[in-house]
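Just so we're clear, the structure is a prediction, and the values are computed from it rather than from any experiment.
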Amino acid sequence: LLALGLLAVGITGLACYILLIHNSGVLPDYARGFYLGAASGITAGSLLLLIRTQYLITHPQAQRRAKIKETDERELHINQAFQFAGMFTFFAAAASMFVLAAVSRTAALAVFGVIVVYAVTWLIASLYLSKKM
């Protein structure tokens with residue numbers, strides 16, 4: 001699901017670049033480069049993740065090795081680092097709204113939208129995982 005979600009984001013970015021931005025003189029060069037580079041990178045990464053996932057599904061021995069690696073202590077520390085990074089990002093975004101509210105309402109609303117999406121996603125994931133376990 002993660003690979004397909006990332007693929008959708010990457011394809012959306014490429015479609016925006018091709019249909020809206022490529023020949024547009026409105027955006028500066030760095031913004032057009034961002035759209036092309038970010039969308040291409042996300043698409044390529046998602047395709048690699050999708051290929052790896054399909055490989056693990058079709059090869060039980062590789063899947064078993066991946067499962068053992070997942071329970072490795074180093075992997076658990078990496079997961080804890082991701083959790084910490086997510087919490088830090090959430091609270092940093094919340095704190096930045098105090099500055100942004102005085103500077104730009106649009107930017108403050110954009111950051112607020114990110115916070116809401118993060119919170120809703122966390123809530124849905126925690127409910128799903130609590131029922132799964």
Side-chain angles (χ1 to χ4, degrees):
L1 288 176
L2 175 65
L4 294 175
L6 285 172
L7 186 60
V9 169
I11 289 173
T12 301
L14 288 174
C16 286
Y17 176 77
I18 292 168
L19 299 175
L20 303 174
I21 296 173
H22 177 62
N23 293 324
S24 167
V26 177
L27 291 177
D29 287 340
Y30 73 88
R32 289 195 303 258
F34 168 77
Y35 272 93
L36 181 60
S40 299
I42 291 170
T43 303
S46 66
L47 289 173
L48 288 174
L49 182 60
L50 191 60
I51 290 168
R52 180 181 181 272
T53 303
Q54 288 301 317
Y55 174 77
L56 288 175
I57 289 172
T58 57
H59 293 83
Q61 190 66 13
Q63 187 177 17
R64 215 175 346 263
R65 284 192 305 266
K67 190 75 154 172
I68 290 170
K69 184 183 175 207
E70 231 177 60
T71 57
D72 185 28
E73 189 174 321
R74 290 173 300 205
E75 202 67 28
L76 294 175
H77 288 295
I78 291 171
N79 289 336
Q80 288 174 343
F82 272 118
Q83 288 175 351
F84 175 77
M87 281 190 336
F88 180 82
T89 302
F90 178 82
F91 290 116
S96 73
M97 285 187 57
F98 285 103
V99 175
L100 291 174
V103 177
S104 170
R105 180 177 186 225
T106 305
L109 288 175
V111 171
F112 181 70
V114 170
I115 290 172
V116 168
V117 167
Y118 181 89
V120 169
T121 304
W122 176 84
L123 181 64
I124 291 170
S126 65
L127 289 173
Y128 173 75
L129 290 175
S130 69
K131 288 183 181 181
K132 194 172 183 177
M133 293 183 160

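- Following chains of ILVMFWY side-chain contacts shorter than 4.5 Å, one can reach Ile18 starting from Leu36, so the two form part of one hydrophobic cluster.
- Grouping the Ile, Leu, Val, Met, Phe, Trp and Tyr side chains by contacts below 4.5 angstrom, directly or via other members, places Ile11 apart from Tyr17.
- Between Leu19 atom CG and Leu14 atom CG the span is 10.5 Å, to the nearest 0.5 Å.
- At a threshold of 4.5 Å between side-chain heavy atoms, the hydrophobic network of Ile, Leu, Val, Met, Phe, Trp and Tyr places Trp122 and Phe84 in two separate groups.
- Here CG of Leu48 is found 11.0 Å from OG1 of Thr43. Values are rounded to the nearest 0.5 Å.
- Closest of all the heavy-atom pairs between Ala93 and Ser96 is O-OG, 2.7 Å.
- Distance check: Leu2 CG to Leu7 CG gives 11.0 Å after rounding to the nearest 0.5 Å.
- Here OG of Ser46 is found 9.5 Å from CD1 of Ile51. Values are rounded to the nearest 0.5 Å.
- No donor-acceptor pair closer than 3.5 Å links the side chain of Ser40 to the backbone N or O of Gly37.
- Considering all non-hydrogen atoms of both residues, Ala62 and Tyr55 come closest at CB-CE2, 3.5 Å.
- In this structure, Ile42 is not a member of the same hydrophobic cluster as Phe34, with clusters built from ILVMFWY side-chain heavy atoms closer than 4.5 Å.
- For the atom pair CD1 (Ile57) and CZ (Arg52), the distance works out to 11.0 Å, reported to the nearest 0.5 Å.
- Across Ala39 and Gly10, no two heavy atoms sit closer than the pair CB-O, 3.7 Å.
- The neighbour count for Phe90 CZ, taken as heavy atoms of other residues, nucleotides or ligands under 6.0 Å away, is above 12.
- Counting non-hydrogen atoms of other residues, nucleotides and ligands closer than 6.0 Å to OH of Tyr118 gives a total above 12.
- Note: the hydrophobic cluster containing Leu56 does not contain Leu49 (ILVMFWY, side chain heavy atoms under 4.5 Å, direct or indirect links).
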